[in-house]
Amino acid sequence: MSKNKKVTTRTFKRFKKSGKKITMLTAYDYPTALILDNSGIDGILVGDSAGMVIMGKDTTLEITLENMIYHTKCVHNAVKRSLLIADMPFLTYKINKNEAVKNAGRLIQEGGAAAVKLEGGEEVVPIIEAMLFADIPVMGHIGLTPQSVNKIGGYFIRGKKKSTASYIKRSAKALEAAGVFAIVLENIPAGLASEITSEIKIPTIGIGAGPDCDGQILVLHDVLGFYSDFAPRFSKKYTDLNKIISKAINSYISEVEKGKFPQKKHFIK
Ligand code: KIV
């Protein structure tokens with residue numbers, strides 16, 4: 001596919017049919033979204049992981065709808081080609097359907113997202129249907145759902161037990177029947193992800209779900225090595241920005257302190 005052709009929810013479905021692996025990363029601001037979009041990434045998720053990697057919290061629970069709209073706007077300003085998806089934050093879609101549709105609509109109308117993502121299995125089908133009735137495309141998210149961290153009691157692999165595995169599989173099929181255009185499978189056994197991927201017609205996007213998903217997504221700050229003290233097992237650090245940025249900042253501090261910066265070319269008399 002041309003690097004300039006706009007990626008849509010239909011493109012995602014076409015990629016699954018053709019066997020082209022779907023590439024996704026998260027982004028939360030203009031400069032990184034610009035790089036991602038220019039690199040030809042298929043999808044950009046403004047994840048509620050912003051609550052952790054941008055706000056510095058231990059969970060995704062504190063990020064608000066207003067915060068998410070702001071980050072989505074910043075990313076939208078940069079994105080020309082990739083499919084832009086925004087996360088519905090905690091408690092913005094499970095209270096009632098009307099509120100859920102209104103909140104999702106704000107991410108589309110004010111934030112500029114092309115679709116929203118929400119966490120949950122078969123129990124969220126009525127919410128998804130209400131959003132689709134309002135013409136809002138929805139991406140599902142099952143397996144480890146970080147917004148349920150306090151209910152589950154931690155960030156564990158989900159689906160090792162037979163009963164949880166069958167709930168996850170049932171949920172994938174229920175979400176497909178409800179009309180989601182793709183499903184994120186987070187932190188589930190690779191075998192289960194593989195079975196789900198072959199049993200549904202819409203694409204699965206894996207994170208910690210093995211190689212057989214139709215695509216992969218990672219959190220940008222993990223990929224870039226922003227944090228030296230945190231590396232999820234399923235992620236891969238493609239560079240060490242923490243080291244690179246620290247080196248640059250230390251050079252700046254040292255040059256200012258030694259009077260080496262600014263030089264003549266940096267100012268006028
Ligand atoms: O919030 C997020 O970044 C996500 C991805 C990890 C899938 O939901």
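All values below come from the heavy atoms of this structure, side chains included, with hydrogens, waters and symmetry mates left out. As the structure lists them, so they are numbered: ligands from 1, and atoms in each ligand from 1.
The shell of residues lying under 4.0 angstrom from ligand 1, judged by heavy atoms, excludes E119.
Of all atoms in ligand 1, listed by their number and element, those nearer than 4.0 Å to a heavy atom of I207 are 6 (C). Atoms of ligand 1 found under 4.0 Å from any heavy atom of H141, numbered from 1 in the order shown, are 8 (O). Shown in contact with G47 at under 4.0 Å from a heavy atom are these atoms of ligand 1, numbered in order with element: 1 (O), 2 (C), 3 (O). Taking a cut-off of under 4.0 Å to the non-hydrogen atoms of K117, the atoms of ligand 1 that pass are 4 (C), 8 (O). The distance from ligand 1 to the heavy atoms of S49 drops below 4.0 Å at these ligand atoms: 1 (O), 2 (C), 3 (O).
Remark: among candidates L45, V53, L118, L220, the nearest residue to atom 5 (C) of ligand 1 is L45, based on non-hydrogen atoms.
Enclosure of atom NZ in K21 by more than 12 non-hydrogen atoms of other residues, nucleotides or ligands within 6.0 angstrom is indicated.
For the 3.5 Å distance criterion, the side chains of Y28 and S49 qualify, holding a donor opposite an acceptor. Counted by atom type alone, N103 and T92 present zero donor-acceptor pairs between their side chains at under 3.5 Å. Between the side chains of S82 and D37, at least one donor-acceptor pair of N or O atoms lies under 3.5 Å.
Residue contacts with ligand 1 for T60 are absent, since no atom lies close enough (heavy atoms, distance under 4.0 Å). Residue contacts with ligand 1 for T26 involve side-chain atoms from C-beta outward but no N, CA, C or O (heavy atoms, distance under 4.0 Å). At a 4.0 Å heavy-atom cut-off, ligand 1 does not touch I205 at all. Contacts of L218 with ligand 1, taken as heavy-atom pairs under 4.0 Å, are absent altogether.
Remark: K236 is positioned above the aromatic ring of Y238, its terminal NZ or CZ atom under 6.0 angstrom from the ring centre and at most 45 degrees off the axis.
If you run side-chain hydrogen bond (donor to acceptor under 3.5 Å, both in side chains) between D214 and each of K16, K17, K20, only K16 comes through.
Comment: K97 does not engage E129 in a salt bridge, judged by the lack of any side-chain N to carboxylate O separation of less than 4.0 angstrom.
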Subject >> Intermediate values then yes/no, side chain to side chain donor-acceptor pair (under 3.5 Å), Y70 and E110 >> reply: CA-CA 9 Å; Y70 169 78; E110 297 174 43; over 6 Å; no
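Taking any N or O of D48, backbone or side chain, at least one lies under 3.5 Å from an N or O belonging to ligand 1.
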